[in-house]
Amino acid sequence: MRPVVLASGSPRRRELLGQMGIEDFEVLPAQGEETAPEGLAPDALVARLALQKAREVAALRPEATVIGADTVVALDGQVLGKPSDEEEAREMLSALSGRRHQVYTGMAVLSGGQAFTHVECTQVEFRPLTEEEIAAYVATGESMDKAGAYGIQGRACVFIRGIQGDYYNVVGLPVCALHELLAQLER
């Protein structure tokens, strides 16, 4: 088995790899600028960015199995990335309040000249939120490093009325799909 390298600095993705039983892996976040043409659909965007990250790190560690991932939130087809400041976080959460949105994660696994990609989409429904709830959540700082300005695994769990699809995708890494991609490498 080749060494595994996670091309992401996300503590949530590191934790999920450990939960999958992958305990011996290196974290080497991609450092390059994330670039994609304007107007890409959310699924195409995350697939492209995940592959970009994986390719960058695979160039540094060609002997490894490299896992790249990128997650975005989409509301009415508009991509909500990580908020740039608290005001933008409040705006995102207000827009998501009482609505259903999609969380897309693109994954790329590169190993020994093979490349596998996968995009997972999960539907998430927020209950209606008050301005006070939004302000209190943003004040925790939790929203600042997360797509869509919330973390389902954190304090925003009380905002979620329901989900359709893979919970771990919303956290940032669809582990079932990743397990299946890694199993393909062993065939």
Side-chain angles (χ1 to χ4, degrees), residues 6-17 19-20 30 34-54 67-109 116-131 133-134 137-138 140 142-181:
L6 177 62
S8 170
S10 164
R12 292 161 298 283
R13 290 188 181 123
R14 285 195 304 262
E15 186 178 306
L16 290 173
L17 279 184
Q19 279 183 253
M20 291 175 64
E34 294 181 7
T35 58
E38 288 289 320
L40 277 184
D43 56 345
L45 175 67
V46 294
R48 182 183 186 111
L49 294 177
L51 191 55
Q52 238 176 49
K53 293 173 184 181
I67 301 165
D70 193 76
T71 301
V72 298
V73 168
L75 179 65
D76 300 329
Q78 290 294 113
V79 172
L80 305 179
K82 296 176 184 177
S84 58
D85 57 29
E86 289 186 356
E87 179 58 31
E88 188 176 23
R90 282 191 291 277
E91 289 170 7
M92 286 182 184
L93 293 166
S94 293
L96 296 173
S97 176
R99 310 250 339 257
R100 180 179 290 243
H101 62 274
Q102 297 74 42
V103 177
Y104 291 90
T105 299
M107 286 187 305
V109 177
F116 297 98
T117 58
H118 175 81
V119 175
E120 191 80 24
C121 179
T122 303
Q123 303 286 329
V124 180
E125 183 180 352
F126 266 34
R127 66 173 173 77
L129 307 175
T130 67
E131 288 182 29
E133 287 175 312
I134 291 170
Y137 180 68
V138 170
T140 69
E142 189 177 284
S143 61
M144 295 313 296
D145 71 335
K146 294 171 182 68
Y150 76 94
I152 193 171
Q153 73 285 0
R155 293 180 182 183
C157 65
V158 299
F159 300 163
I160 312 299
R161 179 167 281 152
I163 70 168
Q164 244 182 317
D166 185 340
Y167 165 83
Y168 296 103
N169 181 52
V170 184
V171 177
L173 194 66
V175 294
C176 181
L178 178 56
H179 174 79
E180 291 171 343
L181 287 179

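From a predicted model like this one, the values you see are computed outputs, not experimental measurements. Side chains included, hydrogens not; waters and symmetry mates left out as well; all remaining heavy atoms used. Numbers for residues simply follow the sequence, beginning at 1.
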TODO: Could you tell me whether a side-chain N or O of E88 sits under 3.5 Å from a main-chain N or O of S84, the two making a donor and an acceptor?
DONE: yes
- [ ] Please check if atom CD in Q19 has more than 12 non-hydrogen atoms from other residues, nucleotides or ligands closer than 6.0 Å.
- [x] yes
Open item on the list: Please tell me whether T71 and R13 have a donor and an acceptor in their side chains that are separated by less than 3.5 angstrom.
Closed with: yes
Open item on the list: Working note: V72 + L49, criterion side chain to side chain contact (heavy atoms under 4.5 Å, CB included); need CA distance, chi angles, decisive distance, verdict.
Closed with: CA-CA 11 Å; V72 298; L49 294 177; 5.7 Å; no
- [ ] Check D43 against V119 and note the closest heavy-atom contact, atom names and distance.
- [x] O-CG2, 3.7 Å
- [ ] Evaluate the side-chain proximity of C176 to E180: yes if any heavy-atom separation is below 4.5 Å, no if none is.
- [x] yes
Open item on the list: How close do M144 and A89 get, counting heavy atoms only, and between which atoms?
Closed with: SD-CB, 4.2 Å
Task: Side-chain donor/acceptor of S94 to backbone N/O of R90, under 3.5 Å - done: yes
Task: Heavy-atom closest contact (Y137 atom, A149 atom, distance) - done: CE2-O, 3.3 Å
Open item on the list: Given 3.5 Å as the limit, does a donor-acceptor pair link the side chain of R99 with the main chain of F126, or not?
Closed with: no
- [ ] Starting at CD1 of I152, measure out to CD1 of I163 and round the result to the nearest 0.5 Å.
- [x] 5.0 Å
Task: Minimum heavy-atom distance between A156 and G151, given as atom pair plus value - done: CB-O, 3.4 Å
Open item on the list: Closer than 3.5 angstrom, by distance alone: can the side chain of T122 be matched with the main-chain N or O of D166 as a donor-acceptor pair?
Closed with: yes
Task: Pair M92-H101, side chain to side chain contact (heavy atoms under 4.5 Å, CB included): steps then yes or no - done: CA-CA 11 Å; M92 286 182 184; H101 62 274; over 6 Å; no
Task: Reported CD-to-CG distance for the pair Q102 and D76, which is rounded to 0.5 angstrom - done: 8.0 Å
Task: Polar side-chain atom of E142 near backbone of R155 as donor-acceptor pair, under 3.5 Å - done: yes
Open item on the list: If you compare all heavy atoms of G68 against all heavy atoms of A7, which two are closest, and at what distance to 0.1 Å?
Closed with: CA-CB, 4.2 Å
Task: Sub-4.5 Å side-chain heavy-atom contact between L17 and L178 - done: yes
Open item on the list: More than 12 heavy atoms of other residues, nucleotides or ligands under 6.0 Å from CD of Q123: yes or no?
Closed with: yes
Open item on the list: Has T105 got a side-chain atom pairing as donor or acceptor with N169's backbone, closer than 3.5 angstrom?
Closed with: yes
- [ ] Evaluate whether atom OH of Y168 has more than 12 neighbouring non-hydrogen atoms of other residues, nucleotides or ligands under 6.0 angstrom away.
- [x] no
Task: Closest non-hydrogen atom pair, E133 against P128 - done: OE1-O, 4.1 Å
Open item on the list: Between V73 and V124, is the side chain to side chain contact (heavy atoms under 4.5 Å, CB included) condition met? List the steps.
Closed with: CA-CA 10 Å; V73 168; V124 180; over 6 Å; no
Open item on the list: Let me confirm one number: the CZ-NZ distance from R12 to K146, rounded to the nearest 0.5 Å.
Closed with: 4.5 Å
Task: Pairwise distance CG(L93) to OH(Y150) - rounded to 0.5 angstrom - done: 9.5 Å
Task: Separation between CD1 of I67 and NZ of K53, rounded to the nearest 0.5 Å - done: 13.5 Å
TODO: Decide side chain to side chain contact (heavy atoms under 4.5 Å, CB included) for Y167 and Q153; before the verdict, give the C-alpha distance in whole Å, the side-chain angles of both, and the deciding distance to 0.1 Å.
DONE: CA-CA 9 Å; Y167 165 83; Q153 73 285 0; 3.6 Å; yes
Task: Gap between atom CG of L51 and atom CG of D70 - 0.5 Å precision - done: 11.5 Å
